[in-house]
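Contents: one structure, followed by commentary.
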Amino acid sequence: MIINKDVMRIHNERSVLQAIVNHGPISRNAVSKLLGLNKVTVSDIIGSFIDRKLVTSLGEARGTSTGGRRPELAAFNATYGYVINFSISGDVVELLVTQMDGRALAYSTSPIDNQSVEDVVTKMEGLINQLPQFDVVNGLQAISIAIFGVVYHNKVITSPFVDYADFDIVGYFHDHYQVPIVMENEANLSAVFEQDFSKQELEHIVSVSIHEGVGAGIILNTQLYTGNYGQAGEIGQTIIQESRDHHRPLSKLASFDAEWSQTALLEKARVLKRTKTYDLNQLVNDYEAEDEAIMGLLEDFCYYLALVTSNLIAAYDPQMIFFNSPLIDRLPEILKNIQMKLGFMPLVPPLVMSKDVKYATLLGGASLAIHRVLNMNGTRLIFHH
């Protein structure tokens, strides 16, 4: 079999960089043993990384009891550049800047309310313009954009909150900033975060995102699964209300989004409490005060969420299901309730809270952006959290 030397060189470079990112600071000899590569090859690749300022030398490691020359350690240069990550929901656009290892450098938000996509983009540029100068080698390297809606090949297919129409948001930011642009569904990015910001080996996971809408990010065989047209995991569109009228159009039946998103839940609570406004803090306070109406409402919520969760288990058989939800973050007993309701199933994976409800989507976007910059798509990199 003839192996192309250039292809082999690229493969070896990716393997060496992965080892340095995931296991560094690390010596050349340790990389050679870890990958089974020739020491000269490893040394040559690391030398080229150092020349490009992608890797830094930390000097010699501590000596061993046997004496001898102490090895030089190589570490990934997290200040090689930075990436900007956006999340666009129904009422706010968020910005998080991270360096190349996922560590946050800056965070800011700007309110939006039924504004046009052009106005939203103006808000995004305003947030960028307010950023300080960061102490990095090469400046901005990529931008990620999280969308509450269906995304297919960097295009927004549907979104319930912002009318993107025919506006090419990816093309716009690429033309203005001349860096790679990554756009993905927010629930998908939350799943990427749970995998890439963990040292635990997670090959098959689902991340259920419950905010203004409901979605599920799916990781299968360590890779993000989005389906044929980007619609995989759109559990908010699941029909949950049975109807005895078989002639009634399915479009007239209730969806999980319409009935049990956090926004819908708070609206139900507002009606029950007969008040003009009602927020998450009030819901939590009333639940903890054992308000019968609110406790009954949350019991219904648990029932339907358990129903959706059982379907996810049957469809994907994940090793773990994460829940990214401000509500469940405040009331973690909800997960215990769901676990009990799923007791009829022979195997139920652990149901756990997201490691970071607030920033998961933004950090998932950072991971995809950094992978793109390093040309490491499909390669496991472990980032800092």
Side-chain angles (χ1 to χ4, degrees), residues 89-90 148 160 186-187 190-191 194 205-218 233-243 253-275 278-358 360-361:
S89 66
F148 284 67
E186 60 88 23
S190 72
E194 302 298 349
I205 64 171
V206 171
S207 177
V208 178
S209 178
I210 306 173
H211 298 83
E212 294 165 287
V214 184
I218 303 159
E234 286 294 306
I235 58 174
Q237 303 307 308
T238 302
I239 296 172
I240 61 172
Q241 180 176 318
E242 295 183 0
S243 173
L253 300 181
S255 69
F256 195 86
D257 256 349
E259 293 292 318
W260 298 110
S261 67
Q262 182 169 298
T263 300
L265 179 66
L266 290 175
E267 176 59 21
K268 287 175 182 287
R270 185 195 67 78
V271 172
L272 284 173
K273 301 300 292 182
R274 299 179 181 178
T275 181
Y278 196 85
D279 61 20
L280 181 59
N281 288 329
Q282 290 171 291
L283 180 75
V284 172
N285 290 337
D286 284 342
Y287 178 81
E288 292 177 341
E290 299 185 355
D291 181 289
E292 288 187 10
I294 296 304
M295 291 182 72
L297 179 64
L298 285 175
E299 179 61 26
D300 290 343
F301 170 74
C302 289
Y303 173 84
Y304 285 107
L305 184 54
L307 183 65
V308 169
T309 303
S310 70
N311 290 335
L312 288 171
I313 294 171
Y316 301 108
D317 189 24
Q319 66 189 101
M320 193 172 292
I321 299 181
F322 294 89
F323 288 82
N324 187 298
S325 164
L327 168 64
I328 302 178
D329 189 45
R330 295 286 299 276
L331 297 175
E333 54 264 43
I334 287 175
L335 289 188
K336 295 180 182 178
N337 189 315
I338 296 170
Q339 190 95 38
M340 290 179 62
K341 285 180 168 53
L342 297 177
F344 71 95
M345 302 186 76
L347 292 172
V348 177
L351 310 181
V352 298
M353 277 303 304
S354 169
K355 293 185 290 293
D356 195 328
V357 169
K358 184 173 182 178
T361 293

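Quantities reported herein were computed from a predicted structural model and do not represent experimental measurements.
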Under a 4.5 Å cut-off applied to non-hydrogen side-chain atoms, are [X] and [Y] in contact?
X	Y	result
Leu280	Leu327	yes
Phe256	Leu305	yes
Ile210	Phe301	yes
Phe322	Met353	no

request  = Can you tell me which residue pairs pass the side-chain hydrogen bond (donor to acceptor under 3.5 Å, both in side chains) test with a partner in residues 300-325, sequence neighbours excluded?
outcome  = His211-Asn324
Which donor-acceptor pairs under 3.5 Å do side chains of residues 264-274 form with protein atoms, sequence neighbours excluded?
residue	atom	partner	partner atom	Å
Glu267	OE1	Arg270	NE	3.1
Glu267	OE2	Arg270	NE	3.4
Glu267	OE2	Arg270	NH2	2.8
Lys268	NZ	Glu259	OE1	2.8
Arg270	NH1	Thr275	O	2.9
Lys273	NZ	Asp291	OD2	2.6

ask   = Which pairs count as salt bridge (charged side-chain N to carboxylate O under 4.0 Å, His left out) when at least one residue sits in residues 319-332, sequence neighbours excluded?
value = none
key: From SG (Cys302) to CD1 (Ile328), nearest 0.5 Å   = 7.5 Å
ask   = In Å and rounded to the nearest 0.5 Å, what is the CD1 to CZ distance from Ile334 to Phe323?
value =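 Those atoms lie 10.0 Å apart.
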side-chain hydrogen bond (donor to acceptor under 3.5 Å, both in side chains) involving Tyr278 - partner list, sequence neighbours excluded =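 For Tyr278 the side-chain hydrogen bond (donor to acceptor under 3.5 Å, both in side chains) partners, ignoring immediate neighbours, are Asp286.
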Listed partners of Ser354 passing side-chain hydrogen bond (donor to acceptor under 3.5 Å, both in side chains), at least two apart =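 Listed in chain order: Glu194.
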task = List in chain and number order the residues that pass salt bridge (charged side-chain N to carboxylate O under 4.0 Å, His left out) with Glu299, two or more places apart in sequence or in another chain; answer none if no residue qualifies.
result =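 Applying salt bridge (charged side-chain N to carboxylate O under 4.0 Å, His left out) to Glu299 gives Lys341.
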message = Strictly distance-based, threshold 3.5 Å: is any side-chain N or O of Asp257 a donor or acceptor partner for the main-chain N or O of Gln237?
response =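 Side chain of Asp257 to backbone of Gln237, a donor-acceptor pair under 3.5 Å: no, none is there.
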ask   = Does Ser89 have any side-chain contact (heavy atoms from CB on, under 4.5 Å) partners at least two apart in sequence or in another chain, and if so, which?
value =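 By the side-chain contact (heavy atoms from CB on, under 4.5 Å) rule, Ser89 matches Asp91, Val92, Phe148, Glu212.
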ask   = Partners of Asn285 by side-chain contact (heavy atoms from CB on, under 4.5 Å), sequence neighbours excluded?
value = Glu288
query = If you look at every heavy atom in Gly215 and Ala187, which pair is closest and at what distance?
reply =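 Scanning both residues, the minimum pair turns out to be C-CB, 3.7 Å.
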